[in-house]
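Worksheet for the structure shown next.
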Amino acid sequence: METCPWCEKGKLASVKGTVYWELPDGSRAVEIDETPSFFCDNCHALFQSDETTKEIEDQLFLIDTKQLGKQTTYDELLKMKRMLKRNYFDFGK
């Protein structure tokens, strides 16, 4: 088990949590339930891995967010039809 990067004391547990993400155009936020997350037993921080964060951000950039309601699940979000094959603005690939 890993140590929490925030408090550097607590132990992390893998959980599924609810997160709120701002859409790329800044027009609103969406609630994403059942998101793979880590929870610290000491400071109670709930956060996502860099990989999960990138998956969410890429998917929100690649889908028609007008078709996205106020709430979705992580799995539903990732299954939404993409308008582009990949994030062509991600030059880190």
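No experiment lies behind these values; they were computed from the predicted model shown.
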Contacts of type side chain to side chain donor-acceptor pair (under 3.5 Å), residue [X], not counting sequence neighbours:
X     : answer
Glu8  : none
Thr65 : none
Thr53 : none
Asp25 : Ser27

Non-neighbouring partners of Asp64 that pass side-chain contact (heavy atoms from CB on, under 4.5 Å), sequence neighbours left out: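 In terms of side-chain contact (heavy atoms from CB on, under 4.5 Å), with neighbours along the sequence ignored, Asp64 is linked to Lys66, Gln67, Met83.
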Taking the side chain as everything from C-beta on, heavy atoms only, tell me whether Cys4 gets closer than 4.5 Å to Cys43.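 They are in contact (side-chain heavy atoms under 4.5 Å apart), so the answer is yes.
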Please name the residue in the list Glu31, Lys16, Glu34, Lys79 that meets the side chain to side chain contact (heavy atoms under 4.5 Å, CB included) test with Thr73.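 Output: one option passes, namely Glu34.
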From [atom1] ([X]) to [atom2] ([Y]), nearest 0.5 Å:
X     : Y     : atom1 : atom2 : result
Trp21 : Ile32 : CH2   : CD1   : 6.5 Å
Leu68 : Leu77 : CG    : CG    : 6.5 Å
Gln48 : Lys54 : CD    : NZ    : 15.5 Å
Phe61 : Arg82 : CZ    : CZ    : 11.5 Å
Ser37 : Leu46 : OG    : CG    : 4.5 Å
Trp6  : Leu12 : CH2   : CG    : 11.5 Å

Let's go through Lys81 and Ile63 carefully: what are the C-alpha distance in whole Å and the side-chain angles of both, what is the deciding distance for side-chain contact (heavy atoms from CB on, under 4.5 Å) to 0.1 Å, and is it a yes or a no? CA-CA 6 Å; Lys81 182 180 178 185; Ile63 64 171; over 6 Å; no
Which pair of heavy atoms, one from [X] and one from [Y], lies closest together, and at what distance?
X     : Y     : result
Thr52 : Tyr74 : CG2-CE1, 3.8 Å
Gly10 : Cys40 : CA-SG, 3.6 Å
Thr3  : Lys11 : OG1-NZ, 3.8 Å

Go through the structure and list residues passing ring-ring contact (aromatic ring centres under 6.0 Å, His included) with Phe39, not counting sequence neighbours.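 If we apply the ring-ring contact (aromatic ring centres under 6.0 Å, His included) test to Phe39, skipping adjacent residues, the hits are His44.
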On the 0 to 90° scale, with breaks at 30° and 60°, tag the Phe38-Phe47 ring pair as parallel, tilted or perpendicular.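 Phe38 vs Phe47 ring planes: tilted.
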Could you tell me whether a side-chain N or O of Gln59 sits under 3.5 Å from a main-chain N or O of Met80, the two making a donor and an acceptor?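 Flag set: sc Gln59 to bb Met80 pair under 3.5 Å.
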Does Thr18 offer a backbone N or O that forms a donor-acceptor pair with the side chain of Asp33 under 3.5 Å?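 Checked: no pair found.
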